[in-house]
Each structure stands twice: as C-alpha cells, then as structure tokens.
There are 2 protein chains.
Amino acid sequence: MGRKKNKDIIPHEAIRRLSLYLRALKWLSRKKIKVVSSDEITKYLNTIPAQFRKDLSYFGGFGKRGVGYNVEALIREIEKILGTNMVWDIALIGAGKLGTALLGYAGFMEFNLKIAIAFDNDRSKAGRVFGNIRIEPISRMKKEIREKKIKIALLTVPAQYAQKISEDLVQCGIKAILNFAPVNLHLANDIHVAHVDMASELGSLVYRLKHKSSHK
Amino acid sequence: MGRKKNKDIIPHEAIRRLSLYLRALKWLSRKKIKVVSSDEITKYLNTIPAQFRKDLSYFGGFGKRGVGYNVEALIREIEKILGTNMVWDIALIGAGKLGTALLGYAGFMEFNLKIAIAFDNDRSKAGRVFGNIRIEPISRMKKEIREKKIKIALLTVPAQYAQKISEDLVQCGIKAILNFAPVNLHLANDIHVAHVDMASELGSLVYRLKHKSSHK
DNA sequence: CATTTCTTGTGAAAAAAGTAACAAATGGGC
DNA sequence: GCCCATTTGTTACTTTTTTCACAAGAAATG
Ligand SMILES: NC(=O)c1ccc[n+]([C@@H]2O[C@H](COP(=O)([O-])OP(=O)(O)OC[C@H]3O[C@@H](n4cnc5c(N)ncnc54)[C@H](O)[C@@H]3O)[C@@H](O)[C@H]2O)c1
Ligand SMILES: NC(=O)c1ccc[n+]([C@@H]2O[C@H](COP(=O)([O-])OP(=O)(O)OC[C@H]3O[C@@H](n4cnc5c(N)ncnc54)[C@H](O)[C@@H]3O)[C@@H](O)[C@H]2O)c1
C-alpha cells in the first residue's frame, strides 16, 4: 500500500504545496488531532480537497477511505518525500539587516533546516553573534562550507555581489541557493535556485489592487 | 498604436513577470541602453523571447518590428500597467527582527512603494526610528491607516496574531497584504493577499536537491 | 452480513500556461 | 525605391496543471 509511482510527472507547484500541507499537519498535531480528511485540512489551506489528494497521490496512497489521513503518519511521509526527515545544515552569506533577521528566525527548524554558519566580508562583523550563530569572515567561506559539506545557502548580500558569490558557493559544493538579492543568478543548471523577491511580489499586489479582481 | 486588448485572460504569472521585466529594464536604463530586443533582455531573465513578447501583448504592442523596445518608453508603459507610476504608501505592522530589516530596505522604491508608517505593540519600541520611519504604538494603527488612506500593508507579526491583525487592517481600509507570517490568512476575497514563505521555499529546494532534477 | 455513510485515489475532462512558427512591419544599404 | 536582415505581435499548437466525478475501500449500525 502506497508505493511510489513515477508514471506521472510531478507538478512543480505540488512540491511547494507539500510544504504547506506539512505545516498544516504539524499544527493539527500540536492540537492533538489524530486524523484529518482532505475536506477538513483544506479549510486551513488555500486549496480544494481534490488537489490535496491528487498531490499526495503522486507519491502514494497515504489515507484510508471512509476515514481520512493519520496526521502523525502523514507528517512522516511528507517529510520523507521532501527530504526534511533529517536535519540539513545551511550557510548564510551576508549578515546585514536581512541576514541577521534570518539568523534569528526559528521557523526554518519547522522543516529541519538549521543555519549552521554565517559569513560576512565586513571585518567588524566577524565574531558577532546572532541567534547562536557567530559571523565568520568571508575568507573562510570556501574552506568551511567544503569541510562541513553544506549543500544549501541563503544569499543575503547586496545585488551587485550576488552573482560572484553564488559562483564561489557552487565551487565549494553548494547545490541549492535561496536568493534574496534582486538579481537573476546565472549558474549551471544542476544548481537549484529559488528567489525570494518581496519587491516584485508587492508589484503584482499593486496590479491586483488597481484592477480589483477578487483574490484567488 | 498599442491599444489594450482584453479578449484573452491574463495569466497570473505574467503579472509577476512584468515586475521582473521592469527591474531588468531599469537596469538597462541605468546602463544608458536605449533600445532592447526581446532576445537581448531575456538573456538577463529566466525566460524566453516568446514569453516576453506574449506577456506584453496582453496589454498592447509596445515594440517596433525590426528594432525592439524603447527602454524608457517600455518602463513607463509597464509602470502604468502595474500601477506603480505613482508612489504608494505602505504600512508595516510588527517592527521585530524582520520588520526592522524591511524598514531599512531601499528596494521597494524600485516599484514606487514607500513604507510610510510602522506599528508595534511593544511599548518600548514606540518612538524608535529605523530607516527614517518612527515606530508608532499599535493603538494608533486603525486611526492612522484610515486617515492616511493606506491600502497596502506588510505584515510581520508573530504567526498567532496575524489573522486577528489582518482583520483589523481590513476594517480600516487595507486592500492588499504582503504576509510574512507562516499562516494562511482568511479574509474577504476582495482583499488581495500574497505570502512570502521562506521556510516552505526552502522545503521545495531540499526536495529538488534530493531528487537532483536539473533546475527549471 | 447487508446496508448506509464516508472519504479516498484516480482516470478523464477542462482550463491554463507556455512554446513555436510565421506573416507583417521596420529600417538600412545600395 | 527595392531588397535584405531584423524583430515584433499573434495565431496555432503543445504541455502542464487543475478540477471533476465516481468506483472502490473502510467503518459503523442494526
Ligand atoms: N533588508 C531587507 O529587508 C531586504 C528585503 C528584500 C531583499 N533584500 C536584499 O537582501 C540583500 C541584503 O540586504 P540588506 O538590507 O540586509 O543589506 P545590508 O547592506 O544590510 O547587508 C548586506 C551584508 O552583506 C555584506 N556583504 C557585502 N558584500 C559582501 C561580500 N562580497 N561577501 C560577504 N558579505 C558581503 C555586508 O557587509 C552586509 O553585512 C540585498 O540584496 C537586498 O536587496 C533585503
Ligand atoms: N525573522 C525572520 O527572518 C523571519 C523570516 C520569515 C518569516 N518571519 C515571520 O515574520 C514574523 C515576524 O518575525 P520576527 O522574527 O521579526 O519576530 P519578532 O518577534 O522579532 O518580531 C515580531 C514583532 O511583532 C510585534 N508584535 C507582536 N504582537 C503584535 C501585535 N499584536 N501587534 C503589533 N505588533 C505585534 C512584536 O512586538 C515584535 O516587535 C513572524 O510571523 C515570523 O514567522 C520572520
């Protein structure tokens, strides 16, 4: 029951939604709820029951007909699918305003992601501590990331340095980058890049606002 | 030349891409480039020429065949489409680690968006200044937002307060919210909500990393 | 154990988004 | 003014994603 099936290609958006399902499930778990139906859980999510079920069905059958989904079991299954059933160490580059805010953010642990090390090229910042992380001088970046075998980086440096630093990161073994700088990174295409772009997000909001179409 | 046409429905993603086009065009403008073809500009973007042209074609014909697009003129056109051809005042609620980082962020002005006022319920924060903005006590929020006719808010309060505060915001006239708290807001559906969710973004990155599929 | 009530998992249909291809402009050279 | 090299705008096509609808499985009831 519940073997992985690869006959269908998995929608990119379905993966992103898995994270949201996981968060909702953990919330239900904290509320001591043992079982949930696709109908109930999607009340808290921005989607419909059919999509929840379909998304899960790409990976197997995790529910019980007539009953619903076991919350704890589904949490474990989704963590296994996402790969967040183990702790991943992350590096942060650029301990400025945004970078230090992220260093103090507990929310990454929700997905078993832990900022393990942070770098900045401002010598006066080296040695300072934010949220248990001591800032290291940028000169040690390549060595440390390579040694610690870190694969994921948060990039919070000014836009003009982002491309160069991301190339350095790739050189020392980084495979995935969450980029906060407002530039497109051009990297080998086995490097996974996601872009958090608040300003352009606001841009679309203004459009929707102006055109008064109802949201979603 | 270039009349708006509404016969087609406009893909949601096309709007988001407009913001990216705008940013690229402004960069070209700073480099004193006067004219650009869809081929050239998409070298800097994560897309192909056909999509650039198609996206623009939803709103009109802004280029010149055999030549390309006038950079300055296209900037003005896109700003007009997005509605960022005028300054929009924004309110920020929750001047904590992330909120104060945003207060010091210059990147919103790229889209003519200006954080005009900020609120926090921690009395000890009221009066402190970040990036030219003085933090106001939360008790003045409704009055000030209503008086200043602010329509857009950045929500950076802890997750458990986000729903309640967003309802207050709607009450005093806010129409669009950029939500940073890891919860889904349930609001009337003429209220536009966008969600910046770094943790879940990282979740999908881990999946892609584990499954080694080439990015994009 | 037959019946009823739920709720999943999944093909099939529908909708949406993205890509390709090309006719129609444009401008420059000669 | 005519040809040639460009590059747009748009229609037609392809792929991807979402939604629907329902058969099949599971428990509860009497
Ligand atoms: N502040 C925000 O809220 C915000 C919001 C969205 C996006 N961003 C983006 O995030 C990035 C950082 O923004 P910020 O506001 O934190 O800026 P910041 O200037 O406060 O921080 C940048 C940090 O990067 C460091 N740095 C500069 N060059 C470096 C290098 N070569 N190697 C290592 N470290 C280097 C600086 O010393 C500084 O500490 C920018 O690209 C910005 O556009 C910021
Ligand atoms: N820090 C980050 O980098 C980060 C990253 C992603 C998401 N977030 C999310 O952003 C939100 C804020 O995170 P943070 O790290 O800045 O937390 P924080 O605790 O540093 O800041 C929260 C601020 O909100 C204020 N606040 C609390 N209740 C309030 C209320 N009812 N009205 C007005 N203000 C109120 C607090 O006084 C505090 O200043 C959280 O929901 C968090 O999950 C933060």
Side-chain angles (χ1 to χ4, degrees), chain A residues 1-18 20-21 25 28 33-43 45-71 73-74 77-78 81 204 213 215-216, chain B residues 1-18 20-21 25 28 33-43 45-71 73-74 77-78 81 204 208 213-216:
Chain A
M1 185 225 292
R3 289 274 67 70
K4 181 183 281 191
K5 54 194 67 167
N6 264 3
K7 63 171 188 170
D8 272 325
I9 208 163
I10 296 159
H12 192 276
E13 285 300 302
I15 305 296
R16 158 181 279 102
R17 284 190 297 264
L18 283 189
L20 304 181
Y21 301 161
L25 286 162
L28 291 170
I33 288 168
K34 299 287 175 218
V35 172
V36 72
S37 70
S38 59
D39 241 329
E40 287 169 326
I41 197 171
T42 52
K43 294 245 172 63
L45 294 164
N46 240 348
T47 187
I48 61 175
Q51 185 156 66
F52 179 84
R53 297 200 300 271
K54 183 81 173 194
D55 285 348
L56 289 177
S57 83
Y58 291 117
F59 302 97
F62 306 120
K64 209 181 249 176
R65 296 178 187 212
V67 181
Y69 299 84
N70 179 300
V71 173
L74 189 53
E77 291 290 354
I78 295 182
I81 295 164
S204 337
S213 65
H215 117 89
K216 187 96 220 178
Chain B
M1 190 223 290
R3 290 274 64 73
K4 181 184 284 193
K5 55 194 67 167
N6 263 3
K7 65 170 185 168
D8 273 325
I9 208 165
I10 297 160
H12 193 274
E13 285 301 303
I15 305 296
R16 156 179 280 102
R17 284 190 297 265
L18 282 189
L20 304 180
Y21 301 160
L25 286 163
L28 291 169
I33 289 167
K34 298 289 176 217
V35 172
V36 73
S37 70
S38 59
D39 242 330
E40 288 168 326
I41 195 171
T42 52
K43 295 245 172 63
L45 294 164
N46 238 349
T47 188
I48 61 175
Q51 184 156 67
F52 180 83
R53 298 200 300 272
K54 183 85 187 266
D55 284 348
L56 289 177
S57 82
Y58 291 117
F59 302 98
F62 306 120
K64 212 181 248 177
R65 296 176 188 214
V67 182
Y69 299 84
N70 179 301
V71 172
L74 189 52
E77 291 290 354
I78 295 182
I81 295 165
S204 339
R208 291 206 264 154
S213 66
S214 90
H215 118 88
K216 188 70 206 208

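A, B, ... follow the sequence lines: proteins, then strands. Residue 1 opens every chain. Note that this is a predicted model, so its numbers are computed, not measured.
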Would you mind reading off the distance between [X] atom [atom1] and [N] atom [atom2], rounded to a whole angstrom?
{"X": "B:Arg65", "N": "D:dT8", "atom1": "CZ", "atom2": "C1'", "value": "5 Å"}
{"X": "A:Asp39", "N": "C:dG9", "atom1": "CG", "atom2": "P", "value": "14 Å"}
{"X": "A:Arg53", "N": "C:dT7", "atom1": "CZ", "atom2": "P", "value": "10 Å"}
{"X": "A:Asn70", "N": "C:dT8", "atom1": "CG", "atom2": "P", "value": "13 Å"}
{"X": "B:Asp55", "N": "C:dT19", "atom1": "CG", "atom2": "C1'", "value": "12 Å"}
{"X": "A:Ile41", "N": "C:dC6", "atom1": "CD1", "atom2": "C1'", "value": "18 Å"}
{"X": "B:Leu56", "N": "D:dT10", "atom1": "CG", "atom2": "C1'", "value": "13 Å"}
{"X": "A:Tyr69", "N": "C:dC6", "atom1": "OH", "atom2": "C1'", "value": "13 Å"}

Please report the shortest heavy-atom distance between [X] and [Y], naming the atom on each side.
{"X": "A:Tyr21", "Y": "A:Ile41", "result": "O-CD1, 4.4 Å"}
{"X": "B:Phe52", "Y": "B:Tyr69", "result": "CE2-CE1, 3.7 Å"}
{"X": "B:Val35", "Y": "B:Glu40", "result": "O-OE1, 4.3 Å"}

Electrostatic pair B:Arg16:B:Glu13 at N-O distance under 4.0 angstrom: yes

Can you give me the N/O atom pairs linking the protein to nucleotides 12-17 of chain D at distances under 3.5 Å, or say none if there are none?
none

A:Ser38 vs C:dT7: side-chain N/O to OP1/OP2 distance below 4.0 Å: no

CG-CG distance between A:Leu56 and A:Leu18, expressed to the nearest 0.5 angstrom: 6.5 Å

Backbone N/O of B:Ile48 and side chain of B:Gln51: donor-acceptor pair under 3.5 Å: no

Residue mapping more 5' on DNA chain D - nearest nucleotide basis, B:Ser37 or A:Ala14: B:Ser37

Sugar-phosphate only, base, or nothing, as touched by B:Thr47 at under 4.0 Å among non-hydrogen atoms: nothing

Pair A:Arg53-A:Ser38, side-chain hydrogen bond (donor to acceptor under 3.5 Å, both in side chains): steps then yes or no: CA-CA 7 Å; A:Arg53 297 200 300 271; A:Ser38 59; 3.1 Å; yes

Residue B:Val67, side-chain heavy atoms: nucleotide from D:dT10, C:dT8, C:dG27 that is nearest: C:dG27

